[in-house]
Every structure is written in structure tokens, then in C-alpha cells.
Amino acid sequence: MPRELTRNPVQKIWIPSKEERPALPSQSCIPPLTNSPTVIVMVGLPARGKTYIAKKLTRYLNWIGAPTKVFNVGEYRREAVKWYRSYDFFRHDNEDAMKIRKQCALAALRDVKSYLSEEGGQIAVFDATNTTRDRREMILNFAEENGWKVSLVIWTSVVAFIFEVKTEQNHERNRWGRRTESLAQS
């Protein structure tokens with residue numbers, strides 16, 4: 001007579017918990033996809049899709065096997081300053097706010113350094129507006145000091161361009177899709 005399994009099948013499933021985790025292979029066995037750590041710096045005006053593209057790019061690079069992480073300076077700023085209520089915080093003549101924003105960028109760069117140097121990351125995406133020459137120069141100098149490659153991604157909104165084209169087209173057409181000129185002639 002064949003023996004029956006008495007174990008509950010649920011007990012055979014490993015459920016991850018914080019206390020017990022199986023040993024994962026170290027990242028050193030994964031061949032690097034880049035020769036040296038790389039920092040991708042997003043540059044562009046606010047609300048143009050930099051963070052969206054940074055997250056999509058990071059997701060793709062992780063999928064192909066390049067350990068990548070996004071460092072969004074806005075998250076550092078929101079954590080550091082919870083009290084600003086108006087656009088005055090972002091004015092270039094507000095020196096106190098400029099210092100806070102610079103400190104947030106430096107904190108993000110320190111985390112980038114930790115990620116690329118100690119955690120085995122290959123690519124870091126530095127996500128902020130980075131519209132001033134001083135900010136870009138600070139990032140480039142920081143990367144040069146650490147021996148990293150830097151790629152600047154200057155992002156302008158494709159959506160804004162499409163919206164402008166659509167608005168111009170809609171201005172020339174009425175709601176039935178005919179040109180306004182042809183309606184006036186008929």
C-alpha cells in the first residue's frame with residue numbers, strides 16, 4: 001500500500017518574512033553591464049515628465065539586469081521641509097530656501113555615492129530639475145571626483161508640444177470636424 005503524504009501542502013511554501021530569508025547570490029556574480037558606475041541626470045522644467053521617464057528607464061534597466069535606482073530630490077525636499085505653502089520657496093532670490101534645496105540635492109548625491117560604491121549599484125538616476133548651471137556643475141564635479149560616467153538627459157515635454165498642435169488644430173475646426181472657413185462659405 002503506497003504511503004500518503006501527511007504534510008499540509010501549505011507548509012511546503014516558503015513565505016518571505018523579515019526574519020528568515022534564503023541566501024541570495026551576491027551581485028558580484030552578475031557581470032556588470034557598464035564599465036564604471038553611471039549617473040543619469042534628468043534636466044528639465046517642473047511637471048514635464050522627468051520622474052515618469054526616470055522610473056520607466058529604471059524599471060527597464062533593472063529588467064535587463066543593470067542594478068539601477070532613482071534618487072528623486074523632490075522626495076528629499078518634501079521630507080526635509082513640510083511647511084512651505086507657496087511658490088516663494090522656489091524663488092531664486094529666497095536664499096534660505098536655496099540653501100535647503102542645495103542640502104537636499106547633496107543628501108541625494110550622498111545616497112547615490114552609497115548606492116554605487118557600497119550597495120553594488122551600476123546606474124543611478126538623479127531626478128530633479130537641475131536647470132541651473134551651478135547645479136549641473138556640482139553634479140558633474142561630484143561624479144568626476146568619484147570616477148563615474150555622467151549622462152545628462154535634457155527633457156522637454158513632448159506632451160506639451162502635442163497639446164499645442166492639437167489646440168491649434170481644434171481652433172481651426174469646429175466640433176463636427178470641418179474647418180471653420182468652409183462653414184462660413186456654405
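In this chain, residues are counted from 1 in sequence order.
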query: Are the side chains of Leu140 and Glu144 in touch, meaning some heavy atoms are under 4.5 Å apart?
result: no
message: Strictly distance-based, threshold 3.5 Å: is any side-chain N or O of Asn146 a donor or acceptor partner for the main-chain N or O of Trp148?
response: no
message: Is there a continuous path of hydrophobic side-chain contacts, each under 4.5 Å between heavy atoms, that joins Ile139 to Leu45?
response: no
- request: Indicate yes or no: at least one non-hydrogen side-chain atom of Ile40 is less than 4.5 angstrom from one of Thr58.
  value: no
Leu106 and Phe142, any side-chain heavy atoms less than 4.5 Å apart: no
field: Heavy-atom side-chain proximity of Lys50 to Thr129 below 4.5 angstrom
entry: yes
message: So for atom OH, which belongs to Tyr52, do other residues, nucleotides or ligands contribute more than 12 heavy atoms lying within a distance under 6.0 Å?
response: no
task: Look up atom CZ in Arg48 and atom CD1 in Ile53, then write down how far apart they are to the nearest 0.5 Å.
output: 14.0 Å
- prompt: Just wondering, do Met138 and Leu109 contact through their side chains at under 4.5 Å, heavy atoms?
  reply: yes
message: I'd like to know if the side chain of Arg101 reaches the main chain of Val73, judged simply by a donor and an acceptor atom lying under 3.5 Å from each other, with no hydrogens or angles considered.
response: no
message: Donor-acceptor check, side chain of Asn94 to backbone of Asp88, threshold 3.5 angstrom: yes or no?
response: yes
- prompt: Quick one: CD1 on Ile123 to OG1 on Thr38, what's the gap to the nearest 0.5 Å?
  reply: 5.5 Å
field: Identified side-chain contact (heavy atoms from CB on, under 4.5 Å) counterpart of Tyr115 within the set Lys113, Glu119, Glu118
entry: Glu119
Verify same cluster id: Met98, Tyr76 (apolar side-chain graph, 4.5 Å): no
query: Is a donor on one side and an acceptor on the other found under 3.5 Å between the side chain of Asn130 and the backbone of Arg136?
result: no
